[in-house]
Structures are given as C-alpha cells and as structure tokens.
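Below: one structure, written as structure tokens.
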Amino acid sequence: MKAALQATAMAFLTTLGMGSVSEAATVRSVDLSFLEFGGIIYEIEQAGNYTLDFSGMGLIPGAPNYLGFAAYIFAEVDGGLDELEETLEAGIDVSAFNGTSINLGFLNAGIDFAAGLLSAGNARMSLVRIDDQPAPVPLPATLPLLAAAIGAPGLAARRRNA
C-alpha cells in the first residue's frame with residue numbers, strides 16, 4: 001500500500017507539472033573588435049535572475065578562447081564610457097573566455113548595472129535575463145489523470161478485500 005501511495009504522489013506531482021521552464025532573453029549586448037573597449041550601462045527594468053555572458057573568438061596566438069579583460073559593478077554611470085572606465089576600477093574584475101557566463105543572481109528593478117570589456121579578439125558581451133518560472137498547467141487535462149492516479153490504488157485494494 002505504501003508503494004501505491006508513493007506512486008500516486010509521484011503521478012500527482014508529475015501531473016501538476018512541477019518542473020520549470022527556463023527562458024532567457026538578452027537585455028543588452030555589445031560587439032567589440034580586437035583591442036577595442038566597450039561597455040554596457042543599464043538600469044534593470046524587470047526584476048529577475050541575470051547573467052553576464054561572453055562569446056566570440058580571441059585573436060591572441062595560442063589562446064583562441066581568451067576574449068579579454070572585463071569588469072562589472074552595480075553603480076550608476078551617467079558620463080558614458082569615460083566614466084565607466086573609472087567606475088569599473090572599483091568593480092569585480094574577470095578574465096573573459098568564449099562561453100564564460102557569470103551568474104549575477106536575482107536583481108531588483110531599478111538597480112544600475114555597468115560592465116566593460118577590453119577585447120582581445122572579436123567578442124560579444126551580453127547581459128541576459130533568465131526567468132525560472134513553472135510551466136503553465138492545463139488543469140482540465142490533468143484532472144482525469146489525477147482521478148485515475150488516486151482511484152487505481154483504491155480499486156486494487158477493494159478488489160483484494162472482496
């Protein structure tokens with residue numbers, strides 16, 4: 001009977017669609033060529049989980065995945081790239097490689113984010129919002145499955161007792 005209840009509970013959770021669907025949206029990006037400095041200055045408009053992603057091809061011999069030197073900070077930057085360079089000195093420094101993704105965590109709306117990259121190749125730096133929201137559950141379709149999952153062990157136990 002315990003196994004039947006566990007199976008029923010598992011069927012119920014599966015029926016409710018307890019998995020999550022991950023959807024990513026690039027909020028802002030910048031493309032840079034060799035030895036070019038560029039940045040992203042962005043006020044977070046929609047709260048959510050964010051990453052800073054790097055892609056491209058490095059042009060330094062022997063290091064084709066190295067894209068350059070990057071930094072990011074949560075601070076207001078109004079003066080463009082010149083002020084961004086000065087502001088990033090107090091930020092978090094990273095070496096950017098092709099495929100690198102930095103998890104920035106959950107950011108509330110209204111936070112000011114700034115990132116910069118001194119490119120060592122043809123590189124793209126992107127600020128990406130990732131939503132982890134449960135998949136929508138079509139309830140009318142799940143109710144018959146739930147009824148069958150709950151009713152089957154009860155019917156089996158009733159037939160055994162008779």
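Considering every non-hydrogen atom in both A47 and N108, the closest pair reads CB-CA, 4.1 Å. In plain terms, the two heavy atoms of M125 and A115 that are nearest each other are CE-O, 3.7 Å. The heavy-atom pair separating D31 from R124 by the smallest distance is OD1-NE, 2.6 Å. Residue S101 comes nearest to D53 through the heavy atom pair OG-OD1, 2.6 Å, listed as atom of the first residue, atom of the second, then distance. Annotation for L67 and A123: closest pair CB-CB, 4.1 Å, computed over non-hydrogen atoms.
A side-chain donor-acceptor contact under 3.5 Å links N98 to the backbone of G56. Remark: side-chain polar atoms of S119 are paired, donor with acceptor, to backbone N or O of G121 under 3.5 angstrom.
Separation of atoms CZ (R129) and CD (E45) is listed at 10.0 Å; rounding is to 0.5 Å. Note that CD of E36 is 9.5 Å distant from CG of N122, once rounded to the nearest 0.5 Å. The OG atom of S29 sits 11.0 Å away from atom CG of L52, with the distance rounded to the nearest 0.5 Å.
Each of I111, T87, D112 was checked for a side chain to side chain contact (heavy atoms under 4.5 Å, CB included) with E76, and the lone residue meeting it is D112. None of D93, I40, I102 except one satisfies the side chain to side chain contact (heavy atoms under 4.5 Å, CB included) rule with Y72; the exception is I102. Here the options are V27, L104, L127, the test is side chain to side chain contact (heavy atoms under 4.5 Å, CB included), and the partner is I44; only L127 passes.
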Mind running side-chain contact (heavy atoms from CB on, under 4.5 Å) on I41 and L84 for me, showing each step along the way?
-> CA-CA 8 Å; I41 302 170; L84 175 61; 4.3 Å; yes

In sequence, state the C-alpha distance, the side-chain angles, and the governing distance for V30 and L117, and then conclude on side-chain contact (heavy atoms from CB on, under 4.5 Å).
-> CA-CA 9 Å; V30 61; L117 173 67; over 6 Å; no

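Classified by interplanar angle (parallel below 30°, tilted 30° to 60°, perpendicular above 60°), the ring pair F74/F113 is tilted.
Taken together through direct or relayed side-chain contacts under 4.5 Å among Ile, Leu, Val, Met, Phe, Trp and Tyr, I60 and F69 form part of one hydrophobic cluster. Transitive grouping of hydrophobic side chains (ILVMFWY, heavy atoms separated by less than 4.5 Å) brings I92 and Y42 into a common cluster. Side-chain heavy atoms closer than 4.5 Å link hydrophobic residues (I, L, V, M, F, W, Y) into clusters, and following such links, even through other members, never connects F97 to V128. Clustering ILVMFWY residues whenever any of their side-chain heavy atoms sit less than 4.5 angstrom apart, transitively, puts I73 in a cluster other than the one holding F54.
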